[in-house]
Structures are given as structure tokens and as C-alpha cells.
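All heavy atoms count here, side chains included; hydrogens, waters and symmetry mates do not. If you read the sequence from its start, that first residue is 1, and numbering goes on from there. As the structure lists them, so they are numbered: ligands from 1, and atoms in each ligand from 1.
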Amino acid sequence: MKLLVVEDEALLRHHLYSRLSESGHVVEAVPNAEEALFQAEQFNHDLAIIDLGLPGMGGLDLIRQLRSQGKSFPILILTARGNWQDKVEGLAAGADDYVVKPFQFEELEARLNALLRRSSGFVQSTIAAGPLLLDLNRKQATLDDEPLALTAFEYRILEYLMRHHQQVVAKDRLMEQLYPDDDEHDPNVIEVLVGRLRRKLEGSNGFKPIDTVRGLGYLFTERCR
Ligand code: CA
């Protein structure tokens, strides 16, 4: 998933950037609200982690502004210990959940995963479509109960398509799931990856869940639950 991290403490920002990247996310980590607004305007994020105590425009105003611009991705706030008013105001401003500093990365990750799951309408930590099952925690796929050998990039594409099942997903969106935005990448990469993914998914029983919608992108045709 593509995440926006807004944290002014350089060490924590770096820590979040590296741990979340290791967990398979594409992370844009910025130190202030102004840069966050720029990022949010340019790109499509799946979730934002926002520290409330920021220099310049504060986290609360940032959240209000993002919401007033119609950004509906889940927002997880980072708040200082003992400041319960922060949590209440943060949630009132449009945040979805909070983590109190200092926190264990595992707690933050668990809350983040829960938010991502709910925002795509799934209540469990698996997504199923016909013979295909995705384990969101272990980041593994099985087809007819057999483990599928997917590369990290193939898995990310499959997870994104399944989260947005029965919707056309543009190639650009898939690209954003793989690379940070400051890099130039060949869009043909997506075609190659989707091609490989299809070959791995198409079993003997006619299961062909990924359609190409010419000029628009890809469509995961099976209903996911
Ligand atoms: Ca801070």
C-alpha cells in the first residue's frame, strides 16, 4: 500500500520509513504539513500517519484540510502521552485511530493493517475469491490450498487489485504501489508483472480473475470477501 508519513522528528520519521518499507509498503515520509499537502495533491495514498505536534501548520489543521479537500483515506494519528484532548480533537478532525508515543512498531502496524482492511471493506485478515486466498498478515497467496510463489511486486499488485475488486484500476495506481514517486519507471513493467501474475493464477478450472480494460487499466472480475 502507499502510505504518507508526516513526522517532524527525523529519527522517528526514518524509523517509520524503513520499517514500513520493509513491511512491503511504498512510503512517502515528510517532516511538515506543507509537504504533506503537496504529496496528497499529487498522488493517491491508501493511508496517512500524522504526528499531531508539527512545526508550522499543526497535525489537526492538516487533517481538517485533507478532509476538506475530499481525501478519504484512513488517518492514524501519533499523539503525545497523557494528552487525551489530542486524541479527541484528532478523531473529531477526521482521524480514524491513534497511537500514543512512545509506541512499539508492532502496535502501530496492527492498527494500520486494521484500518487498511476496514477501508477496503474486509473484516478479516484474509481476502478470498473463488479458489484464491490472500493472507494479508503473512502476505501470502494460496490457490486451491496450494501456496503460490509470488514475488513481492506480484503480491502487491494482486493485493491491490483484490482490495479494489470489480473496479477498474489504472496502471498509474499500480505503479504507485511499487515505486516512490520521485523515480522514473517504465509503465511496461506493470504489463510484464500482470502477465506473470495471470500465468500463475490461471488454473486448470478456467479461473481468470484479471481482465485488461483497454486504455484504462485492469479489473479483478471475481467478487472478493
Ligand atoms: Ca512532533
Side-chain angles (χ1 to χ4, degrees), residues 1-120 122 125 136-137 139 152 156 159-160 163 173 175-183:
M1 300 285 106
K2 189 173 184 67
L3 311 181
L4 176 62
V5 172
V6 195
E7 169 58 65
D8 58 312
E9 286 169 53
L11 204 60
L12 179 56
R13 185 170 69 247
H14 178 74
H15 178 66
L16 289 172
Y17 173 85
S18 38
R19 292 295 298 266
L20 292 167
S21 301
E22 277 167 30
S23 298
H25 300 289
V26 171
V27 185
E28 306 292 343
V30 298
N32 57 52
E34 290 74 15
E35 286 185 52
L37 286 171
F38 175 78
Q39 285 286 333
E41 195 178 307
Q42 301 289 309
F43 309 111
N44 303 296
H45 298 93
D46 300 299
L47 180 143
I49 298 172
I50 298 177
D51 176 34
L52 288 188
L54 294 171
M57 182 195 287
L60 286 175
D61 282 337
L62 171 60
I63 295 167
R64 287 189 195 106
Q65 194 141 336
L66 287 169
R67 290 306 189 220
S68 76
Q69 290 172 355
K71 303 290 177 195
S72 60
F73 46 68
I75 296 177
L76 182 63
I77 50 177
L78 306 179
T79 68
R81 204 145 88 104
N83 197 348
W84 64 266
Q85 293 95 332
D86 259 15
K87 294 170 208 163
V88 173
E89 285 182 52
L91 295 171
D96 298 283
D97 201 359
Y98 59 86
V99 173
V100 176
K101 288 180 178 183
F103 53 82
Q104 293 296 316
F105 179 76
E106 287 69 20
E107 184 193 354
L108 177 120
E109 192 173 39
R111 291 183 180 275
L112 178 151
N113 285 336
L115 286 176
L116 285 173
R117 215 160 51 221
R118 267 182 269 148
S119 73
S120 8
F122 299 107
S125 58
L136 299 173
N137 292 335
K139 306 216 173 285
R156 283 192 207 174
E159 181 182 325
Y160 197 80
R163 281 183 188 271
R173 284 261 178 155
M175 207 68 159
E176 289 181 352
Q177 294 294 318
L178 303 185
Y179 303 107
D181 302 299
D182 43 358
D183 295 358

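Here the N, O or S atom of Asp51 that is nearest to the Ca ion (ligand 1) is OD2. Summary: OD1 is the N/O/S atom of Asp8 found nearest to the Ca ion (ligand 1).
Not a single N, O or S atom of Glu9, from either the backbone or the side chain, sits less than 3.0 Å from the Ca ion (ligand 1). In summary, an N, O or S atom of Gly53 is located under 3.0 Å from the Ca ion (ligand 1).
Looking only at distances, no side-chain donor or acceptor of Arg117 sits under 3.5 Å from a matching main-chain atom of Leu136.
A salt bridge links Lys101 with Asp51: the closest approach of a Lys/Arg side-chain nitrogen to an acidic carboxylate oxygen falls below 4.0 angstrom.
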(message) Checking Arg111 against Asp97 for the salt bridge (charged side-chain N to carboxylate O under 4.0 Å, His left out) test, could you report, in this order, the C-alpha distance in whole Å, the side-chain angles of both residues, the deciding distance, and whether it holds?
(response) CA-CA 8 Å; Arg111 291 183 180 275; Asp97 201 359; 2.9 Å; yes

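Atom CG of Asp61 sits about 10.0 Å away from atom CG of Leu54, to the nearest 0.5 Å.
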